[in-house]
Amino acid sequence: MLRYTFFRLVQAAFVLLVMTFLLFMLIGMMPGDPVENMLEGNPALTPELARQMRELYGVGVPLPVRYWHWLTAAFQGDFGFSSLYFRPVLEILGPALLQTLKLMIATIVLSIPLSLLLGAIAALRPGGWMDTVISFFAFASISLPNFWLSLILIIVFAVQLGWLPASGTPLAENPSLGLQIYHSILPVTVLTMFFVGPLLRYVRASMIETMSSDYIRTARAKGLSETTVIVKHALRNALIPMVTVLALGFGMLFSGALVVETIFGILGMGKMIFDAIRYVDFNLALIGLLLATIVTLVSNLLADLAYAWLDPRITLK
Amino acid sequence: MSAIDTELAGIPSAPRQTIWQLRRKRFLRNKPAVIALAILVVLAALCVLAYPYSLLMGLDPNETNLLMRFRPPSAEHWLGTDSLGRDVLLRLMYGGQVSIAVGVLGTLLTALIGVLIGVWAGFLGGKVDAFLMRLTDVVIALPMTPVLIVLGAVDLSKLGLSQALASSPGVVFLRIVIIIALVDWTTIARITRAATIEVRQREYVKAATVSGARHLYNVLVHVLPNITTPITVAATLSVGRIILFESTLSFLGFGIVPPTPSWGNMLTNAQELVISAPALAVYPGLLIFLTVISVNFVGDGIRIAFDPRSEK
Amino acid sequence: MNALVEVDNLNLHFPIDGGFFKEKLTLRALTDVSFSVEEDETLAIVGESGSGKTTLGYAISGLLSPTSGRIKFGAGLGGHSQESPVQLVFQDPFSALDPRMMVGDIVAEPLRLQGVSRAERLQQADDVLEQVGLPAESARRYPHEFSGGQRQRIAIARALIAKPKLIVADEPLSALDVSIQSQILNLLNKIKRDRTISYLFISHDLGVVHHLADRVIVLYLGRIMEIASRQDLFATPSHPYTQALLESVPRIGRGRRKPGQALKGEIPTPLSPPPGCVFHTRCPRAQEDCRHHVPELLPAPGRPEQLSACHFKD
Ligand SMILES: Nc1ncnc2c1ncn2[C@@H]1O[C@H](COP(=O)(O)OP(=O)(O)OP(=O)(O)O)[C@@H](O)[C@H]1O
Ligand code: SF4
Ligand SMILES: [Mg+2]
């Protein structure tokens, strides 16, 4: 197990290194040159200052050379300056990551019980009307464009009914927890709607499989009540591999967060990456994307490890 | 000899139901899938009618008219006009052409890349397989939407394309198709690889090899025809995903760019419209949703119809 | 008689990936195997499951390349690279035929790979199908329309069409019903009467081997224990392993029990075969010497044609 973990860690580190190179190249091919952009916005900049700034942001040097500079600096903890915020990128990153994690954790906390409940109900009578309705809901969940759902919820609940705020960030200086939650209702609803579908399809499928297994037949034969059988045995059995599905869904959830943050004006990782790319902030875009990749890699890694740990049948090759 | 005769008597005199007849029958028994297919046909027809409709009504999808902004539905504009005075219905029809075309072409390209890589890895095995599967791992580790945005932001003129060419609608369209295929091929590659490994070990492949068949012969004659089922199912299910990718990208401004309409970019400015013209925010998304959910139901129907285990 | 194939000191090892940080293991599927197949003979290979029978068949047909040693094709074959000197018939008649191809195309495939025109090869396919007892109209049907025995006939037709000198038949009967087994056996005998062909007949079933084989090779853990003519082997088995195998068949010709059932103990893993004589862990006659020295394959006392690898052979 330890050896396996170590092997996967080495592999993930290697993937990450490859990713830094690929992303660096890609971002280098974004339009424009950040200093150009700034010069246009601020005619007071002298040519000498512009030269210094070019150096600071590493513009004008061939891409592979720049990558090497960036990499050596990065290993010393220096990820460069943001041209959008005029601050070291690492300072911007922390709060943004926190925002996104809050959003994602709230979504996961809501999605798990919801998908277990709906999945279990659907699996009770496969093909029955409850199953049909719930399956339709699951299909809707994976087919809904989440940006559109956000707009519709804003139109209905914020504009027409006026019950909820259209913005995901409270205006107050130090918002109370209640206020924060109040502002998060719509974004979290969208993300949950988007996340619960795949989970629930999974729970349903694995419940149906366990319900017809010998193991459940034995539990029934022992005379246990149907509720006990479902809750204590089938559901618990379905829960174990769900850990992996959850972790694998992390990358998907991150993608969803980007859209939702942009629409609801939440200053999280997604919006940060989006703005950085839109306003050609090379360093910020790069670190944002790298962090997103790390989050996905780590969740995939945890999924694999959890699976290997929970299911001793797979040999750790 | 008589024993042989009795055994031969078992050869059927008329061909039985072919596998395709069976699959069609099983598909047609699946009501949601059939309804979804009907909806798709209607939607596709609607999009195809865009040009005749524009002639009939004397409209141009891209001609702006600031005096005609936000008109409610009327006899000339059945669904009203948008923020630049253009006919909403006509733009929805043209936008649908773009979205559906991206979905179909993107799936074909995705399937092409995925099948090539999957068959290559699965058939050759060993180091090639290990390398290609690590590559899939890397691509799967990417957070899709952010990466699509970066790819969408890549300045093609930095790759040597002229500015005019880089921003022509054809190139923009192709670029969306290509970047989506670049991130979405992994599912099909994995499915193809698993299926290829299974077929590769079959004894008819060994028999052919003994008779002198090369890799290419085995792949073309024995492997590909025997793995069409899982590939078809996976490809159908990816159409919906690709349409969603395209609409999200276009919505964020990194996909199909105005004035060419797409269901995604028709919502780009909808945030500002939610108060003044909410209906404009409803139609395009509703059509995306309807299309994607129909495609997914049809895909599920195909999956069930093709699955031998679902036979009663 | 002329030798058709000569197998000379054949070793075939499978490298087993022990994981990224573990050392690599080697599975010794075949060790120092030497024998020859004569023209027009039926050579049977018997042995327990995992003894390397299939591996040997694949090596001879060129599907697996030897780790060391050589497989030479005699004058009658003119080298291995020439058109299909060897053909295979498999155990499982279901995965042996491509479900997406029509039977005619399946049977004609070896000719297709030799570049014979379609009309010509389909004509030949019809002929061969008739020879194996199937109506020519079978050519335009798909495999799933046929029973197991009929499929095995199709597979045999495919093996015959390129006029091979040797057919490697890997347990061609064991997946079939008993009544069908004898039909296929008769078909193989009939083919043998009609043309000059050798069979390398791999089998579990000593009854079938007694019925069909000219000579028999007994394989254990990738090594040859005994080679003898059918008469010698069944009348005066020399090697203790062969004797144990024959004891486990109550009545030759009827018993369908797998060999080795009367043997005590488990067959050792080919990942680390026992030193000395590989059979010593289960041999009733084993002595200290057997644990250290590998017995050579030498004639049994007074029977120069019967070779046996045992220090204390009969
Ligand atoms: N491709 C392979 N990779 C690794 N090991 C293999 C491979 N093919 C066969 N082996 C091993 O080689 C040994 C001999 O296998 P083989 O299939 O030749 O036995 P067999 O005598 O045909 O057995 P059976 O009667 O079960 O068909 C076995 O231990 C098997 O596990
Ligand atoms: S050499 Fe020894 S162990 Fe091997 S078969 Fe002969 S008696 Fe038995
Ligand atoms: Mg075998």
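Chain A is the first sequence line, chain B the second, and so forth, proteins listed ahead of strands; every chain is numbered from 1.
- With B/Ser211 as the fixed residue, the side chain to side chain contact (heavy atoms under 4.5 Å, CB included) test singles out one of C/Gln114, C/Arg158, C/Gln87: C/Gln87.
- For residues 180-208 of chain B, every residue pair satisfying the salt bridge (Lys or Arg N to Asp or Glu O under 4.0 Å) rule, not counting sequence neighbours, is listed here: B/Asp129-B/Arg193, B/Asp137-B/Arg190, B/Asp184-B/Arg241, B/Glu198-B/Arg202.
- Closest of all the heavy-atom pairs between C/Val86 and B/Val210 is O-CG1, 3.2 Å.
- With a threshold of 4.5 angstrom between heavy atoms, B/Val205 does not approach chain C through any atom at all.
- Taking all atoms of both residues into account, the shortest heavy-atom contact from C/Pro99 to B/Tyr204 is CD-CE2, 3.7 Å.
- Heavy atoms closer than 4.5 Å to chain B are found nowhere in C/Tyr142, neither backbone nor side chain.
- With a threshold of 4.5 angstrom between heavy atoms, C/Asn186 does not approach chain B through any atom at all.
- Every pair passing salt bridge (Lys or Arg N to Asp or Glu O under 4.0 Å) that includes a residue from residues 94-114 of chain C is listed here, sequence neighbours excluded: C/Asp105-C/Arg118.
- Here the side chains of B/Tyr217 and C/Leu113 are in contact, with some heavy-atom distance below 4.5 Å.
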